[in-house]
There are 2 protein chains.
Amino acid sequence: MARVGLTAERLTTAGAELADEVGFDQVTVSALARRFDVKVASLYSHVRGSHDLRTRIALLALEEMADLAGEAVAGRSGRDALAALANVYRDYAREHPGRYAAARLRLDPETAAASAGVRHARLTRAILRGYALEEPDQTHAVRLLGSFFHGYVSLELGGGFSHSAPDTDTTWLRTLDALDALLRNWPKPVP
Amino acid sequence: MARVGLTAERLTTAGAELADEVGFDQVTVSALARRFDVKVASLYSHVRGSHDLRTRIALLALEEMADLAGEAVAGRSGRDALAALANVYRDYAREHPGRYAAARLRLDPETAAASAGVRHARLTRAILRGYALEEPDQTHAVRLLGSFFHGYVSLELGGGFSHSAPDTDTTWLRTLDALDALLRNWPKPVP
DNA sequence: GGGGTTACCTAAAGAGTATAGGCAGAGAGT
DNA sequence: ACTCTCTGCCTATACTCTTTAGGTAACCCC
């Protein structure tokens with residue numbers, strides 16, 4: 001009865017790797033047990049179940065992305081900062097598609113509030129300091145950017161823009177240009 | 001052995017209703033069989049399996065949305081058309097969250113090409129006729145809009161903007177204003 | 001009303017989730 | 001070094017869902 005040294009942390013990172021390899025919705029307690037060459041029931045001492053495992057992977061992914069985003073944005077402003085932040089999401093999704101999918105898992109409100117999700121919102125708000133936006137337009141812009149990043153990366157990852165000209169790298173650069181221009185010329189509310 | 005009158009179509013619409021009630025990923029062949037008060041194996045004469053069922057629901061949702069979008073956009077242009085199209089997606093997602101989730105299912109390329117997804121792309125391109133955009137900027141804009149619509153609706157549905165001021169209806173209107181302004185002043189590529 | 005098609009059935013195997021309870025290996029204290 | 005205790009991993013079990021194989025009865029046509 002050799003002890004493998006399971007912990008919630010090791011299960012979470014192994015689950016994240018598994019997600020990147022086979023897809024987030026193929027991450028099961030059974031598959032993870034196989035990966036550690038251990039019986040399924042053994043995992044239930046460390047993780048409350050399938051939902052708990054997925055949530056932990058999601059929180060890990062959110063933290064990793066927030067760390068990367070924090071580094072990327074530091075010392076930049078304006079279009080530079082915008083592109084740096086956007087590229088973090090896009091690159092992360094490409095390198096870690098399973099983790100990225102995990103990060104899109106719907107968390108219950110308390111978990112979400114305690115997650116790194118709030119850092120993402122703060123970072124997005126931070127890059128808007130380079131643009132002259134007052135509240136509530138700043139919040140509108142944060143939501144627009146968040147929606148666009150999420151939508152673009154999801155669609156690109158899902159093959160939504162597949163194999164049609166122009167290539168998606170060009171679109172990515174040009175849409176970031178466009179968003180930069182939009183933030184610099186944010187329209188006044190029509191009264 | 002009373003015959004219930006199962007067909008692929010009835011299973012698909014019932015599956016769509018089930019998705020809206022309990023969530024798309026809770027749509028199972030078993031649950032559907034229970035809903036028709038029929039044994040599970042009976043469904044396999046009409047539907048090839050779980051994946052096939054989900055795909056059919058996805059295609060149904062795409063068609064429904066394309067129909068609504070087509071009606072909404074007809075006879076409008078400019079900001080009017082933009083808002084009409086955007087509202088179709090948002091309203092559909094709110095009224096039919098399960099179907100909307102289904103529509104986001106990743107389809108294999110052949111299925112996707114034969115789906116109503118292509119109508120969505122054409123409709124988005126159509127509303128850009130009201131703005132002076134040449135290729136390839138038109139494609140960039142189509143992708144930007146698609147990404148934003150998808151991202152916004154997903155995040156809003158997932159509670160991403162939950163319960164914080166300003167309310168999301170206001171953000172929705174103001175971001176549509178912003179996108180309209182962006183399309184009218186699309187930036188030239190920086191050489 | 002018989003005959004064929006087919007709609008729905010029973011039966012069964014395989015995989016995932018989850019819980020209850022048991023044994024033995026690791027660490028702590030004397 | 002020795003025991004004691006804790007706990008990590010185990011076996012066993014029950015439930016759900018998926019999928020296939022093969023049977024029976026209801027409907028449709030002539």
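Here is how names work: the chains are called A, B, and so on, in the same order as the sequence lines, proteins then strands, and each is numbered from 1.
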**Request:** In whole angstrom, give the distance that lies between atom OH of A:Tyr44 and atom P of D:dA14.
**Result:** 17 Å
**Complete:** Atom CG of B:Leu11 and atom P of C:dA7 are separated, to the nearest Å, by 11 Å
**Asked** Would A:Tyr100 and A:His96 count as a close aromatic pair, with their ring centres under 6.0 Å?
**Response** no
**Item:** Per B:Val38 side chain, nearest of listed nucleotides D:dC9, C:dC9, D:dT11
**Value:** C:dC9
**Request:** Measure from CG on B:Leu43 to C1' on D:dC17 and round the result to the nearest Å.
**Result:** 12 Å
**Item:** Presence of A:Thr28 side-chain N/O under 4.0 Å of C:dT17 phosphate oxygens OP1/OP2
**Value:** yes
**Prompt:** Roughly, in whole Å, what's the span from CG in A:Leu6 to P in C:dA26?
**Reply:** 14 Å
**Fill in**
Closest of C:dT17, C:dC8, D:dC10 to the B:Ser42 side chain is C:dC8
**Prompt:** How long is the line joining NZ of A:Lys39 and P of C:dA18, in whole Å?
**Reply:** 19 Å
**Request:** Could you please name the option among D:dT20, C:dA7, C:dG16 that lies closest to any side-chain atom of B:His46?
**Result:** C:dA7
**Request:** Specify the separation, in whole Å, of atom CZ of A:Arg10 and atom P of D:dG8.
**Result:** 13 Å
**Request:** Respond yes when some side-chain nitrogen or oxygen of B:Arg34 is under 4.0 Å from OP1 or OP2 of D:dC17, and no when none is.
**Result:** yes
**Nucleotide nearest B:Val40 when distance is taken to its side chain, options D:dT19, D:dC17, D:dC9** = D:dT19
**Request:** Compute the ring centroids of B:Tyr89 and B:His120, then answer whether they are less than 6.0 Å apart.
**Result:** yes
**Item:** SB check A:Arg35 A:Glu21 (cutoff 4.0 Å)
**Value:** yes
**Message:** Please report the distance, rounded to the nearest Å, between CG in B:Asp37 and C1' in C:dC9.
**Reply:** 13 Å
**Complete:** Closest of C:dC8, C:dG16, C:dT19 to the A:Ala41 side chain is C:dT19
**Request:** Could you check how far CG of A:Leu53 sits from C1' of C:dA18, rounded to whole Å?
**Result:** 14 Å
**Message:** Mind checking if A:Ser50 touches a base, just sugar-phosphate, or nothing, with heavy atoms under 4.0 Å?
**Reply:** sugar-phosphate
**Complete:** Taking C:dG16, C:dC8, D:dC10 as options, the one with an atom nearest any side-chain atom of B:Arg3 is C:dC8
**Centroid separation B:Tyr152 to B:Phe161 less than 6.0 Å** = yes
**Asked** Under 4.0 Å between a side-chain N/O of A:Ser30 and OP1 or OP2 of C:dT17, yes or no?
**Response** yes
**Asked** Can we say A:Arg76 and A:Glu71 salt-bridge, meaning some charged N sits less than 4.0 Å from an Asp/Glu carboxylate O?
**Response** no
